[in-house]
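If you're wondering where the values come from, they're calculated on a predicted model, not measured in any experiment.
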Amino acid sequence: MIAFLCDIITMKHTGNSIRKVLKQLKKCVDITSIQRTANGYMICAKNGEQNLIHEGSNCYHPLRRWLKTNTSLKTLKF
């Protein structure tokens with residue numbers, strides 16, 4: 001319950017599109033962890049690769065490129 005409340009608190013001031021992206025990433029089986037950092041989110045894949053995404057409109061294209069090469073998630077809707 002505490003982790004759920006912290007997730008709501010940290011997601012309070014983010015845009016709708018970043019919430020949609022994070023929801024898709026949480027469902028992906030190739031993503032091992034998503035950690036909130038001071039600058040954005042650190043995403044870790046099963047193959048050991050990591051990617052830091054910042055919240056904003058410029059994060060989607062590099063994230064899609066990284067997901068295509070490191071995970072089975074080929075399409076990302078935002």
Side-chain angles (χ1 to χ4, degrees):
M1 181 85 171
I2 295 171
F4 180 69
L5 291 175
C6 291
D7 194 29
I8 291 173
I9 292 169
T10 59
M11 301 282 290
K12 189 174 181 181
H13 296 288
T14 60
N16 188 24
S17 58
I18 194 72
R19 277 184 266 157
K20 288 179 184 178
V21 168
L22 289 175
K23 186 175 179 181
Q24 293 174 45
L25 292 177
K26 287 178 185 176
K27 290 182 182 180
C28 183
V29 295
D30 293 329
I31 302 292
T32 56
S33 67
I34 302 171
Q35 299 171 350
R36 176 90 168 131
T37 63
N39 296 327
Y41 294 95
M42 178 63 72
I43 303 168
C44 301
K46 275 188 180 177
N47 62 358
E49 293 290 325
Q50 295 180 348
N51 190 15
L52 177 68
I53 60 166
H54 302 282
E55 297 175 16
S57 60
N58 294 334
C59 75
Y60 301 115
H61 184 68
L63 177 63
R64 285 174 36 192
R65 190 176 354 160
W66 183 81
L67 287 171
K68 284 182 183 181
T69 58
N70 295 307
T71 64
S72 63
L73 187 64
K74 301 299 179 193
T75 59
L76 187 66
K77 297 179 182 176
F78 51 91

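- Residues Glu55 and Arg19 are not paired through a salt bridge, judged by the lack of any N-O separation under 4.0 Å between the basic side chain and the carboxylate.
- Between the side chain of His54 and the backbone N or O of Asn39 there is at least one donor-acceptor pair closer than 3.5 Å.
- Side chains of Ile31 and Lys26 form no contact here, defined as non-hydrogen atoms less than 4.5 Å apart.
- For CG of Asn58, the number of neighbouring non-hydrogen atoms (other residues, nucleotides, ligands) closer than 6.0 Å is 12 at most.
- Between Met42 atom CE and Ile34 atom CD1 the span is 12.0 Å, to the nearest 0.5 Å.
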(request) I would like to know whether Tyr41 and Gln35 meet side chain to side chain contact (heavy atoms under 4.5 Å, CB included); could you show each step before the answer? (result) CA-CA 6 Å; Tyr41 294 95; Gln35 299 171 350; over 6 Å; no
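- Taking both residues in full, the closest heavy atoms of Asn51 and Pro62 are given as ND2-O, 4.4 Å, listed atom of the first, atom of the second, then distance.
- Within 6.0 Å of NZ on Lys74 lie more than 12 heavy atoms contributed by other residues, nucleotides or ligands.
- The two atoms that bring Lys46 and Val29 nearest to each other are CE-O, 3.1 Å, heavy atoms only.
- Note: Thr69 OG1 to Glu49 CD = 7.5 Å, rounded to the nearest 0.5 Å.
- The two atoms that bring Thr71 and Ala45 nearest to each other are CG2-CB, 4.3 Å, heavy atoms only.
- Between the SG atom of Cys59 and the CD1 atom of Ile18 there is a distance of 4.5 Å, given to the nearest 0.5 Å.
- Taken to the nearest 0.5 Å, the CG atom of Leu63 stands 6.0 Å off from the CG atom of Leu25.
- In this structure, CG on Asp30 lies 9.5 Å from CG on Asn70, to the nearest 0.5 angstrom.
- Atom CH2 of Trp66 sits about 11.0 Å away from atom CG of Leu52, to the nearest 0.5 Å.
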